[in-house]
Amino acid sequence: MRMRIVDVDKGSVGEELGIKPDDELIAFDGQKVVDILDYDFYNESERFYMTVKSGDEEIEFDIEKDSDEDLGLTLEEELSVRVCRNKCIFCFVDQLPKRELRKSLHVKDDDYRYSFISGSYVTLTNVSTDDLERIVRLKLSPLYISIHSSNNELRRKMLGNPKAPDIVEQLKFLYRGGIKIHAQIVYCPEINEDVAETAIDTAPYCESLAVVPVGLTKDCNTALRCVNRDDARRVVERIAPLQKEFLKKKRTRYVFLADEFYIIGELPVPSYEHYENFVQIENGVGMIALFKHEVEFALEETDDGQVGNFSIATGVAAYKTIKEAAKKITDKFGGSIKVFPVVNSFFGESVTVAGLVTGGDIYKRLNGEELGEYLMLPRCMLKEFGDVFLDNMTIGELEHKLGTKIKIVGTDGVSFVKGCVQSE
């Protein structure tokens, strides 16, 4: 692949070499350029060869520079997403309604480059040997990998991909190449009950492993069922002794369970210290413990303020935690905070997380309620950097329908307290 150079910074290494706009970047150290990640890696390197095509001539530059010196090239290139080749029995995207949702939500990516860039989970079923070698060569670390089972036959069944490669062998190769890996298991009751075995098989090669319960909408695969109380307790009972064992051997508990296991199992959520450095927080692992810790911290740091009369809407899973936090705030500062759990009719009642609550379901739950001065909602309900819910309803539209002002706050405990307590 070639990447056209659209601009060269003045005073940069590129300008000193005589590189001009419309020249083409072809290779680094004899390796053909694949995408912008090649440029980013070598741009931070000190010694390498770079091949550029200028007109009909290919020129190889022997470059020696400081690591913080910039080549200064602006490239005309975007990362096209590698789509998923699997047909996972639990795929959440396949369960989404075909209408009413943003088109981007229907894109099934399985791209190791985006795993490195943004922490998205990939299966590594669409990578070649060259890709794996490139990951090691460019030090694309850490990566986030969906394992589901270390039993390849079972994993292929879950992925709906009979050609899925041996995942443990892939993990070994990346680990030996210096790549740090954070992994996950989507637990489906009565299917991949080998969570403990998978944890043991992957522990030598991964930094952490999250186990999350399968998320099922009302349009899910009918061969699957939701995690129930007995399932959740069974998983906790299997993993708890392993965590103690790993802590002794690896100095980390290594395998962590999503908060939902404790909620569904009606078990106490582990302490803040249990989750160590919260590396799996984006997987819903340790969110409750961290939120409670942050709320306590913020309350200790906040001496003056007042709380008005307002309402909060959240998902069913977070309701108890939010209600407890709101009570701590009103116990200290007075005021009145109503907390409403929103049942998810759009995706199905089994979907309980706040991040999948739609504007329509909020309106359905709160229409006719006395909401007070305003309604407070968590940022996770909205499109990133936007004001649109998953069903395309905007904040303005919901405000108009409910007849009240909406206040958006971050999902962390400090933002929650600041959103509730007004400075005097």
Side-chain angles (χ1 to χ4, degrees), residues 119 182 208 210 212 253 256-342 344 352-357 362 366 371-385 387 389 395 405-424:
H182 297 286
S208 71
V212 301
R253 292 174 179 83
F256 300 91
L257 300 178
D259 294 359
E260 290 171 89
F261 282 104
Y262 303 101
I263 295 171
I264 296 169
E266 299 174 5
L267 297 168
V269 174
S271 67
Y272 172 82
E273 291 73 21
H274 173 88
Y275 295 98
E276 301 171 14
N277 54 355
F278 290 86
V279 292
Q280 293 277 4
I281 192 72
E282 296 297 326
N283 243 330
V285 176
M287 291 184 72
I288 291 176
L290 180 59
F291 181 83
K292 288 182 175 180
H293 178 82
E294 291 170 339
V295 167
E296 293 289 347
F297 171 80
L299 286 175
E300 289 177 3
E301 295 294 310
T302 307
D303 294 323
D304 301 315
Q306 60 183 11
V307 176
N309 174 18
F310 65 95
S311 298
I312 299 172
T314 186
V316 172
Y319 170 68
K320 182 181 178 182
T321 301
I322 298 299
K323 191 172 178 63
E324 290 175 353
K327 185 177 186 302
K328 287 186 177 183
I329 290 170
T330 54
D331 283 349
K332 181 170 182 176
F333 296 101
S336 174
I337 304 175
K338 294 180 181 178
V339 182
F340 295 94
V342 179
N344 201 319
T352 59
V353 295
L356 292 177
V357 169
I362 295 172
L366 301 184
L371 301 177
E373 301 161 22
Y374 59 89
L375 172 66
M376 194 165 89
L377 300 175
R379 163 56 60 184
C380 64
M381 289 183 178
L382 302 171
K383 180 180 180 181
E384 188 175 13
F385 310 120
D387 65 348
F389 295 93
I395 292 175
K405 181 182 178 182
I406 291 177
K407 182 177 185 179
I408 304 298
V409 299
T411 55
D412 62 285
V414 173
S415 296
F416 179 82
V417 173
K418 287 183 178 179
C420 294
V421 182
Q422 309 302 312
S423 300
E424 292 184 334

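The chain is numbered in sequence order, starting from 1.
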Item to check | pair C420-I337: side-chain heavy atoms closer than 4.5 Å | outcome: yes
Item to check | E373 (side chain) donor-acceptor with N309 (main chain) under 3.5 angstrom | outcome: yes
Next on the checklist: Among residues at least two apart in sequence or on other chains, which ones pass side-chain contact (heavy atoms from CB on, under 4.5 Å) with A258?
Outcome noted: V212, P213, F261, V285
Next on the checklist: Restricting to side chain to side chain donor-acceptor pair (under 3.5 Å), what partner residues turn up for S208, sequence neighbours left out?
Outcome noted: H182, Q280
Next on the checklist: Going by side-chain contact (heavy atoms from CB on, under 4.5 Å), F389 matches just one of L377, V357, L356. Which one?
Outcome noted: L377
Checklist entry - So do E260 and T352 actually touch side chain to side chain, heavy atoms under 4.5 Å? => result yes
Checklist entry - Among pairs that include at least one residue of residues 316-327, which meet salt bridge (charged side-chain N to carboxylate O under 4.0 Å, His left out), considering only residues two or more places apart or in two chains? => result K292-E324, K327-D331
Checklist entry - With sequence neighbours left out, what residues match Y374 under ring-ring contact (aromatic ring centres under 6.0 Å, His included)? => result F310
Item to check | Sequence neighbours excluded, every pair satisfying side-chain hydrogen bond (donor to acceptor under 3.5 Å, both in side chains) that has a member inside residues 332-342 | outcome: none
Next on the checklist: Distance check, rounded to the nearest 0.5 Å: I288 atom CD1 versus Y262 atom OH?
Outcome noted: 10.5 Å
Checklist outcome for this item: Contacts of M287 meeting side-chain contact (heavy atoms from CB on, under 4.5 Å) (sequence neighbours excluded), chain-then-number -> D259, I281
Next on the checklist: Is any side-chain heavy atom of F333 closer than 4.5 Å to one of T302?
Outcome noted: yes
Item to check | Inter- and intrachain pairs under salt bridge (charged side-chain N to carboxylate O under 4.0 Å, His left out), touching residues 270-290, at least two apart | outcome: R253-E276
In a table with atom names and distances, give each donor-acceptor pair under 3.5 Å that connects a side chain of residues 406-417 to protein atoms at least two apart or in another chain.
{"from": "K407", "atom 1": "NZ", "to": "G419", "atom 2": "O", "distance (Å)": "2.7"}
{"from": "D412", "atom 1": "OD1", "to": "S415", "atom 2": "OG", "distance (Å)": "2.7"}
{"from": "D412", "atom 1": "OD2", "to": "V414", "atom 2": "N", "distance (Å)": "3.3"}
{"from": "D412", "atom 1": "OD2", "to": "S415", "atom 2": "N", "distance (Å)": "2.9"}
{"from": "D412", "atom 1": "OD2", "to": "S415", "atom 2": "OG", "distance (Å)": "3.2"}

Checklist outcome for this item: side chain to side chain donor-acceptor pair (under 3.5 Å) filter on E266, not counting sequence neighbours, yields R229
Checklist outcome for this item: CD1 of I312 to CZ of F340, rounded to nearest 0.5 Å, is 10.5 Å
Item to check | Partner residues of K328 under the side-chain contact (heavy atoms from CB on, under 4.5 Å) criterion, sequence neighbours left out | outcome: E296, L299
Next on the checklist: Just to verify, what does T314 make a side-chain contact (heavy atoms from CB on, under 4.5 Å) with, not counting sequence neighbours?
Outcome noted: A318, Y319, I322, V339, A354
Next on the checklist: The criterion is ring-ring contact (aromatic ring centres under 6.0 Å, His included); which residues satisfy it with Y275, sequence neighbours excluded?
Outcome noted: F278
Item to check | Gap separating the CG atom of L371 from the CG atom of L366, nearest 0.5 angstrom | outcome: 5.5 Å
